[in-house]
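Working notes, structure below.
The model shown is predicted, which means the values in this text are computed figures rather than measured ones.
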Amino acid sequence: MADVGVFRRAVADWAAGGPGGPAARAAAELGVAVVVLVEGPSDLAAVETLAARLDRDLAAEGVCVVSMGGAMNVGRHARLLGPAGLGLRLTGLCDEREQPYYDRAFRGAGAPGHAVFVCVQDLEEELIRALGLPGVEGVVEAEGDLVPWQTFVRQPAQRGRDPHQRMRRFLGTRKGRKIRYGHLLAQAVDLDLVPAPLAALFGALHRAEDAGLGSR
């Protein structure tokens, strides 16, 4: 069976102007029926981490999470992968400011707009609120980032800023940190306090499986 990474790479090549055949073949080999379109790799890391914690085998359910490299790419991905392209069922997770792009893209691809699940600012902010600042600081300390965090907080530009927003900004200050913490915060959050957009997304994927849409 093809690795899910093969499908993701083939989709990325196709979206960049390459051939669509490799993506179609990988989808068939994997039995991909549902694609979750997310903006970037930190969202991908968080969704897959939570899936594992919820004992969800997304690949076995025919679900693949695809990081698009930016919300502005949703139109092309929706056209290629949705009903007018490979014929896959589309879902998505996005930030509130990106919802118009997703809504327009899903309509253009013939996919239902209610399949898009929306975070208020972004997924990291949702996870920070769910964990609470002390909980996030505990993760930061365990990762050896407490001193950089304390240094960051003392910067003049951070004075007077909401503590949650400071933490959100800190997670994006170093390359790779946001991706790493996408996984770590999703690993740390209480499963009874999973942010509403993520809970709704997993609920929709359950319904897809129950309806027989998780296999081809």
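For the atom pair NE2 of H164 and CD of Q121, the computed distance is 11.0 Å after rounding to the nearest 0.5 Å. Rounding to the nearest 0.5 Å gives a distance of 11.5 Å between CZ of R104 and CD of Q99. Atom CH2 of W14 is separated from atom NE2 of H77 by 10.0 Å, given to the nearest 0.5 angstrom. To the nearest 0.5 angstrom, H183 atom NE2 is 13.0 Å from S42 atom OG. Going from atom NE2 of H114 over to atom OG1 of T91 covers 10.5 Å, rounded to the nearest 0.5 Å. Of the inter-residue distances, the one linking C94 atom SG with Y101 atom OH reads 11.0 Å to the nearest 0.5 angstrom.
For R168 (side chain) and E124 (main-chain N/O), no donor-acceptor pair under 3.5 Å exists by modelled atom type. Judged by distance alone, the side chain of E126 and the main-chain N or O of P197 form no donor-acceptor pair under 3.5 Å. A donor-acceptor pair under 3.5 Å is absent between the side-chain atoms of R89 and the main chain of A33, judged by distance alone. Formation of a donor-acceptor pair under 3.5 Å by the D43 side chain with backbone atoms of V38 is not found in this model.
A salt bridge links D145 to R180: one of the charged nitrogens lies within less than 4.0 Å of a carboxylate oxygen. Using a 4.0 Å cut-off between charged nitrogen and carboxylate oxygen, R8 and E48 count as a salt-bridge pair.
Of the residues listed (V35, L81, L80, V11), the one engaging L86 in a side-chain contact (heavy atoms from CB on, under 4.5 Å) is L81, and it is the only one.
Within 6.0 Å of the CZ atom in R174, the count of heavy atoms belonging to other residues, nucleotides or ligands does not exceed 12. By the 6.0 Å contact criterion, CD on E143 is enclosed, its count of non-hydrogen atoms from other residues, nucleotides or ligands being greater than 12. Heavy atoms from other residues, nucleotides or ligands lying under 6.0 Å from CZ of F170 number more than 12.
Minimum heavy-atom separation, C64 to V32: CB-CG1, 4.2 Å. Among all heavy-atom pairs drawn from V47 and L93, the shortest one is CG2-CD2, 4.0 Å. Contact between A71 and Y102 at its shortest, heavy atoms only, is CB-CE1, 4.3 Å. Contact detail for P22 and A10: the closest heavy-atom pair is C-CB, 3.8 Å. Between L127 and A186 the shortest heavy-atom distance is CD1-N, 4.2 Å. Here the shortest heavy-atom pairing between A109 and P83 reads O-CD, 3.1 Å.
Within the 4.5 Å cutoff, the side chain of R166 has no heavy atoms near those of the D162 side chain. Two residues are said to be in side-chain contact when any heavy atoms from C-beta on lie closer than 4.5 Å; L198 and F117 fail this criterion. Residues P195 and R129 are not in side-chain contact: their nearest non-hydrogen atoms beyond the backbone lie 4.5 Å or more apart. Annotation: side chain of R159 is not in contact with side chain of R154 (no heavy-atom distance under 4.5 Å). A heavy-atom distance below 4.5 Å is found between the side chains of L205 and R56. You'll find the side chain of F152 reaches within 4.5 Å of the side chain of Q158, heavy atoms only. L171 is listed as a side-chain neighbour of I128, based on a closest heavy-atom distance under 4.5 Å. Looking at heavy atoms from C-beta onward, E125 lies out of side-chain contact with M167 at the 4.5 angstrom threshold.
Residues I179 and W149 fall into different hydrophobic clusters, defined by Ile, Leu, Val, Met, Phe, Trp and Tyr side chains chained together at heavy-atom separations under 4.5 Å. Connection of L37 to L30 is established within a shared hydrophobic cluster, with ILVMFWY side chains joined at heavy-atom distances below 4.5 Å, either directly or through further cluster members. The hydrophobic clustering, which links ILVMFWY residues whose side-chain heavy atoms are closer than 4.5 Å, places L54 and V63 together. In the hydrophobic clustering of this structure, L191 groups with L201; members are Ile, Leu, Val, Met, Phe, Trp, Tyr whose side-chain heavy atoms approach within less than 4.5 Å, directly or through other members. Hydrophobic cluster membership is shared by V153 and L146, with clusters built from Ile, Leu, Val, Met, Phe, Trp and Tyr side chains linked at under 4.5 angstrom.
For the pair R25 and F7, the NZ or CZ position fails the cation-pi test of under 6.0 Å to the six-membered ring centre and within 45 degrees of the ring normal.
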Exercise for review: Just do the side-chain hydrogen bond (donor to acceptor under 3.5 Å, both in side chains) check on E39 and S67 with the steps written out, would you?
Suggested key: CA-CA 6 Å; E39 178 186 359; S67 167; over 6 Å; no
Practice item. For T173 and R177, run side-chain hydrogen bond (donor to acceptor under 3.5 Å, both in side chains): C-alpha distance rounded to whole Å, both residues' side-chain angles, the deciding distance at 0.1 Å, then the answer. Key: CA-CA 7 Å; T173 55; R177 180 181 280 162; 2.7 Å; yes
Practice item. Start with the C-alpha gap between L185 and V136, add the side-chain angles, then the distance that decides, and say whether side chain to side chain contact (heavy atoms under 4.5 Å, CB included) holds. Key: CA-CA 7 Å; L185 298 185; V136 180; 4.0 Å; yes
Point to revise | D95 and V118: CA distance, side-chain angles, deciding distance, side chain to side chain contact (heavy atoms under 4.5 Å, CB included) verdict | key: CA-CA 6 Å; D95 307 343; V118 183; over 6 Å; no
